[in-house]
Protein chains: 2
Amino acid sequence: MNEVKKYIPQETARRLSLYLRSLRRLGQEKVAVASSADITRFLNISSVQLRKDLSYFGEFGRRGVGYDVDILKGEIEKILGTDVVWKIALVGIGRLGSALLGYKGFREFNLQIAVAFDNDPAKIGKTREGIKIEHIARIREIIAQKAIKIAMLSVSAASAQRVSDELVKCGIKSILNFSPVNLVLPADIYVSNVDMASELESLVYKLKRGFS
Amino acid sequence: MNEVKKYIPQETARRLSLYLRSLRRLGQEKVAVASSADITRFLNISSVQLRKDLSYFGEFGRRGVGYDVDILKGEIEKILGTDVVWKIALVGIGRLGSALLGYKGFREFNLQIAVAFDNDPAKIGKTREGIKIEHIARIREIIAQKAIKIAMLSVSAASAQRVSDELVKCGIKSILNFSPVNLVLPADIYVSNVDMASELESLVYKLKRGFS
DNA sequence: ACGTGTGAACCGATTCACAGCA
DNA sequence: TGCTGTGAATCGGTTCACACGT
């Protein structure tokens with residue numbers, strides 16, 4: 001019953017993390033029990049969708065009643081794997097990389113930038129937001145030593161492929177890529193892209209198309 | 001034949017913008033004619049998908065030959081609407097907002113940050129990357145005057161809903177939201193979310209699940 | 001009656017298989 | 001033969017409709 005079932009939609013994981021935010025908010029408001037409708041009220045997600053998503057992992061609610069906010073929060077954290085701290089490497093400390101270094105939202109989800117790399121001698125050795133910037137030449141040594149599996153990549157488009165190849169050699173298994181190129185990497189490496197220009201372009205298209 | 005057909009998948013717009021990048025790259029390499037396979041070689045997209053995507057808008061290739069790189073580039077720009085410059089408002093000039101101000105990738109797609117807003121008196125009147133930072137109190141006046149329809153929102157989670165309500169009143173129709181809250185807005189406003197913490201959390205989940 | 005949990009129906013999007021043209 | 005263009009088949013995911021427990 002509490003076993004993990006076979007095929008789980010890609011989008012389910014993303015939604016689970018939104019449910020988590022909602023539950024945290026309810027918890028702060030001292031709500032002890034909430035229905036699926038309560039939890040999805042401020043997300044653009046239906047209550048059926050929440051119940052379906054949870055059903056892939058088990059039964060967490062009480063029929064006729066709802067969900068215990070604290071318990072469900074814990075269960076979703078366990079499912080997502082963020083019940084323990086995950087260390088992340090940040091590569092490329094330009095403007096965007098610096099913004100990521102300072103982003104407070106990661107901590108809330110037990111995500112911790114454990115090390116930052118750049119190739120600009122002027123930046124090496126400096127500490128920003130409590131994280132020391134290391135030279136990229138030391139990447140293999142440090143990532144292995146800290147057993148880091150996830151990296152955020154905020155380097156230039158020109159060097160993104162080269163750096164990501166290196167990351168894979170270091171044992172990195174997942175990359176959140178902010179550079180505007182598609183990384184070609186082995187099939188067992190999971191890459192997620194954050195592409196602001198493309199995102200904006202889609203908005204332009206929708207705007208043109210939906211209201212003209 | 002060149003008419004726009006009825007139902008076009010959501011994802012098609014996003015992919016069109018990736019094809020555009022690929023075509024630009026091919027153009028720089030002086031390639032005049034390219035097959036669908038050439039264009040998708042470095043994107044994780046099949047050549048059939050490209051042809052299907054284009055088929056929603058018309059016939060742009062020559063059978064047995066391929067596509068004229070320059071012409072297709074122009075056609076896709078017309079479809080996306082980025083054949084003309086779009087002005088964008090940036091609201092919230094913290095670390096992330098500053099990074100967005102300096103991001104060069106927008107210009108390539110004819111996207112131009114035309115004005116920036118903040119509420120910190122220390123920042124008002126300063127010019128960064130050639131863009132003057134205005135006080136948020138002047139938002140309605142300036143956005144109306146410049147006829148801006150698209151905004152990027154990089155304010156704190158606490159103020160995101162309030163500021164986006166204001167943006168809608170100013171006549172903004174699309175918002176690219178970087179703050180970690182779901183904005184509740186009228187149905188005719190298109191919102192796209194960039195949520196790094198949630199994105200990373202999905203990576204953790206995939207990592208845990210795929211390789212454990 | 002209320003709200004969860006879930007098989008079945010449905011829907012949108014991708015992939016297949018092949019017709020059409022150079 | 002090579003590559004485009006597209007209806008049809010298929011696939012994955014969401015929504016429906018309702019059984020079930022409190």
Side-chain angles (χ1 to χ4, degrees), chain A residues 1-16 18-19 22-23 26 31-41 43-69 71-73 75-76 79 202 205-206 209-210, chain B residues 1-19 22-23 26 31-41 43-69 71-73 75-76 79 202 205-206 209:
Chain A
M1 215 192 238
N2 252 32
E3 292 150 36
V4 171
K5 293 180 193 157
K6 46 260 156 130
Y7 292 116
I8 296 167
Q10 296 270 350
E11 289 300 293
T12 293
R14 194 176 314 279
R15 283 192 298 263
L16 285 175
L18 300 181
Y19 303 149
S22 195
L23 286 165
L26 288 166
V31 177
V33 175
S35 70
S36 55
D38 294 333
I39 298 169
T40 55
R41 183 145 301 143
L43 312 171
N44 286 333
I45 304 172
S46 73
S47 62
V48 196
Q49 185 72 75
L50 177 144
R51 297 202 301 277
K52 190 64 153 183
D53 283 338
L54 292 180
S55 81
Y56 293 116
F57 303 97
E59 302 191 3
F60 305 105
R62 272 186 299 154
R63 299 180 184 217
V65 181
Y67 300 87
D68 182 295
V69 170
I71 293 177
L72 185 55
K73 190 152 63 88
E75 292 289 347
I76 294 180
I79 293 167
S202 296
Y205 168 81
K206 294 245 172 63
R209 164 155 281 266
Chain B
M1 213 192 238
N2 252 33
E3 292 151 36
V4 172
K5 290 175 194 162
K6 45 256 157 129
Y7 293 115
I8 296 167
Q10 296 270 350
E11 289 299 296
T12 293
R14 194 177 315 280
R15 283 192 298 262
L16 285 174
S17 110
L18 300 180
Y19 303 149
S22 195
L23 287 165
L26 288 166
V31 177
V33 175
S35 70
S36 54
D38 294 334
I39 299 169
T40 56
R41 183 145 301 143
L43 311 172
N44 286 333
I45 304 173
S46 73
S47 62
V48 196
Q49 184 72 75
L50 176 144
R51 297 201 300 278
K52 189 64 155 183
D53 283 337
L54 292 180
S55 80
Y56 293 116
F57 302 97
E59 302 191 5
F60 304 106
R62 273 185 299 154
R63 297 178 186 221
V65 181
Y67 300 87
D68 181 296
V69 170
I71 292 177
L72 185 56
K73 190 150 65 85
E75 292 290 346
I76 294 181
I79 293 168
S202 295
Y205 168 80
K206 294 244 172 62
R209 165 153 280 269

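Values reported hereafter were calculated over all heavy atoms of this structure, with side chains retained and with hydrogens, waters and symmetry mates removed. Predicted model only: the values in this text are computed from it and were never measured. A, B, ... follow the sequence lines: proteins, then strands. Residue 1 opens every chain.
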With a non-hydrogen cut-off below 4.0 angstrom, is Ser36(B) in contact with a base, only sugar-phosphate, or nothing?
sugar-phosphate

In whole angstrom, give the distance that lies between atom CD of Gln10(A) and atom P of dA13(C).
16 Å

Go through dA8(C), dT6(D), dG13(D) for me and flag the one nearest to the Lys52(A) side chain.
dA8(C)

Check whether any side-chain N or O of Arg14(B) sits under 4.0 Å from OP1 or OP2 of dA13(C), and answer yes or no.
no

Got a donor-acceptor pair under 3.5 Å from the side chain of Arg63(A) to the base of dC20(D)?
yes

Taking every heavy atom of Leu50(A) against every heavy atom of Tyr19(A), the minimum-distance pair comes out as CA-OH, 3.3 Å

Check every strand shown and say whether Val65(B) touches a base, only sugar-phosphate, or nothing at a heavy-atom separation below 4.0 Å.
sugar-phosphate

Interatomic distance where CD1 belongs to Ile8(A) and P belongs to dT14(D) [whole Å]:
13 Å

Would you kindly give the OH-to-P distance between Tyr7(A) and dG13(D), to the nearest whole Å?
11 Å

Do you know the tightest heavy-atom contact between Leu23(A) and Val69(A)?
O-CG1, 3.5 Å

Taken to the nearest whole Å, CZ/Phe57(B) to C1'/dT4(D) is 17 Å

Within the structure shown, what part of the strands sits under 4.0 Å from Arg51(B) by heavy-atom distance: base, sugar-phosphate, or nothing?
base

Atom CD of Gln49(A) and atom P of dT4(C): how far apart are they, to the nearest Å?
14 Å

I want to check one thing: is the phosphate of dG5(D), taken as OP1 and OP2, less than 4.0 Å away from some side-chain N or O of Tyr67(B)?
yes

